[in-house]
Amino acid sequence: HQANLYYIGKVGQFSIDFNADYTFYKKRSPNQQQELSDNYENRDVNTETLTRGNMAAEKLIVSHPLWKGQVEVGEEYTNTRWNSSFENAEGYIANSNNEQHESNIAPSVELRQQLGRFQLQAGLRYEHVESDYFVDGQRRSDQSRTYDGLFPSVALSTSIQKVQFSLSYAKRTNRPAYWL
């Protein structure tokens, strides 16, 4: 299931850009195998994997003219839940039930100004991410993480005749994927 909601418009001198998404999925995968052996007893092995996940995300940016440019204030929020369970009815293979919960909130501000022939952009973003991992309903502290960070950015650009010049800096990060 998927749902999307968005609004792009103006209220007075304020420009508003809002979008939100929700996604839910569920997949059940039964598996039936018959093991035949010359050395051991023949047996049936029945397994089932159930995977569920959902994500809710939204982003809001409000901009307003300021001096010779504009200021943008925004925020993003993402919340994901993922669960995977594995069962073997006969008990030949160990059952498992793993969950991952993650929430991320990130407010930001950016200033854009035209200063003569130069275009200046300066911004700051703060991120707070909580990632919790569960095995059989118990939170695993050694596999759960909280991240906090400030991410500044600045850019200066200009053009001389038909040539454009740009100089920029931005702090970024890479975080581990779910499977890690």
Side-chain angles (χ1 to χ4, degrees), residues 1-9 15-63 72-110 123-153 169-180:
H1 303 282
Q2 295 179 325
N4 174 264
L5 174 69
Y6 66 92
Y7 172 80
I8 298 173
S15 296
I16 300 170
D17 185 347
F18 173 78
N19 63 68
D21 290 287
Y22 177 77
T23 300
F24 171 81
Y25 71 89
K26 179 179 177 179
K27 183 178 180 182
R28 185 178 301 274
S29 302
N31 189 1
Q32 201 173 37
Q33 293 185 353
Q34 186 178 38
E35 293 182 350
L36 305 174
S37 173
D38 290 335
N39 300 324
Y40 301 98
E41 182 180 324
N42 295 340
R43 63 185 185 179
D44 292 332
V45 179
N46 297 288
T47 62
E48 182 173 275
T49 302
L50 175 62
T51 304
R52 293 177 299 220
N54 65 49
M55 180 207 62
E58 61 83 22
K59 181 178 182 178
L60 172 67
I61 297 174
V62 178
S63 59
E72 274 186 5
V73 177
E75 61 79 31
E76 293 180 49
Y77 176 73
T78 306
N79 186 296
T80 60
R81 298 285 186 263
W82 167 83
N83 174 267
S84 180
S85 62
F86 174 85
E87 293 183 7
N88 171 232
E90 297 83 16
Y92 301 133
I93 305 168
N95 295 339
S96 67
N97 183 8
N98 301 315
E99 287 186 55
Q100 177 80 30
H101 300 181
E102 186 170 292
S103 66
N104 179 340
I105 187 147
S108 62
V109 63
E110 183 174 84
L124 185 63
R125 176 183 169 96
Y126 168 75
E127 287 187 11
H128 175 76
V129 180
E130 292 182 10
S131 180
D132 295 313
Y133 188 72
F134 298 84
V135 175
D136 295 324
Q138 299 294 313
R139 183 178 181 274
R140 301 286 299 263
S141 297
D142 59 329
Q143 292 176 286
S144 298
R145 302 281 185 269
T146 298
Y147 303 101
D148 288 292
L150 282 173
F151 300 93
S153 64
Y169 166 82
K171 180 180 175 185
R172 304 205 190 283
T173 189
N174 286 325
R175 295 203 177 89
Y178 275 156
W179 65 273
L180 293 172

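For the pair Y126/I105, no side-chain contact is recorded, criterion being any heavy-atom separation below 4.5 Å from C-beta on. Taking the side chain as every heavy atom from C-beta outward, Y147 and T173 never approach each other to under 4.5 Å.
Contact between R43 and Y92 at its shortest, heavy atoms only, is NH1-CD2, 3.1 Å. Closest approach of V135 and R140 over heavy atoms only: CG2-NH1, 3.5 Å. Contact record, F134 with H101: CE1-ND1, 3.5 Å, taken as the closest heavy-atom pair. The minimum heavy-atom distance linking S96 with D136 is given by the pair C-OD1, 4.3 Å.
Between atom CD of residue Q34 and atom CG of residue N42 there is a gap of 6.5 Å, rounded to the nearest 0.5 Å. With rounding to the nearest 0.5 angstrom, the OG atom of S153 is 5.5 Å from the CD atom of E110. Within the model, atoms OG of S131 and CD of Q143 stand 10.0 Å from one another, a figure rounded to the nearest 0.5 Å. Expressed to the nearest 0.5 Å, how far OH of Y133 lies from CZ of R139 amounts to 13.0 Å. With rounding to the nearest 0.5 angstrom, the CZ atom of R125 is 4.5 Å from the CD atom of E127.
Q100 and T80 share no donor-acceptor pair across their side chains, judged by distance under 3.5 Å alone. With hydrogens and angles left out, the side-chain atoms of D17 and Y6 include no donor and acceptor closer than 3.5 Å. A side-chain donor-acceptor contact under 3.5 Å links Y77 and N79.
Counted within 6.0 Å of CZ on F24, heavy atoms from surrounding residues, nucleotides or ligands total more than 12; the atom is thus considered enclosed. Surrounding OH of Y40 are at most 12 heavy atoms belonging to other residues, nucleotides or ligands under 6.0 Å away. The number of heavy atoms from other shown groups lying within 6.0 Å of CG (D38) does not exceed 12.
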Cut-off 3.5 Å, no hydrogens considered: what does the side-chain donor-acceptor table look like for residues 44-61, sequence neighbours left out?
from : atom 1 : to  : atom 2 : distance (Å)
N46  : OD1    : Q32 : NE2    : 3.3
N46  : ND2    : E90 : OE2    : 2.5
E48  : OE2    : R28 : NH1    : 2.8
R52  : NH2    : N83 : OD1    : 3.0

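The closest donor-acceptor contact from the side chain of N88 to the backbone of N95 lies at 3.5 Å or more, if one exists at all. D132 places no side-chain N or O within donor-acceptor distance of the main-chain N or O of E102, the cut-off being under 3.5 Å. Between the side chain of N19 and the backbone N or O of L5, no donor-acceptor pair lies under 3.5 Å.
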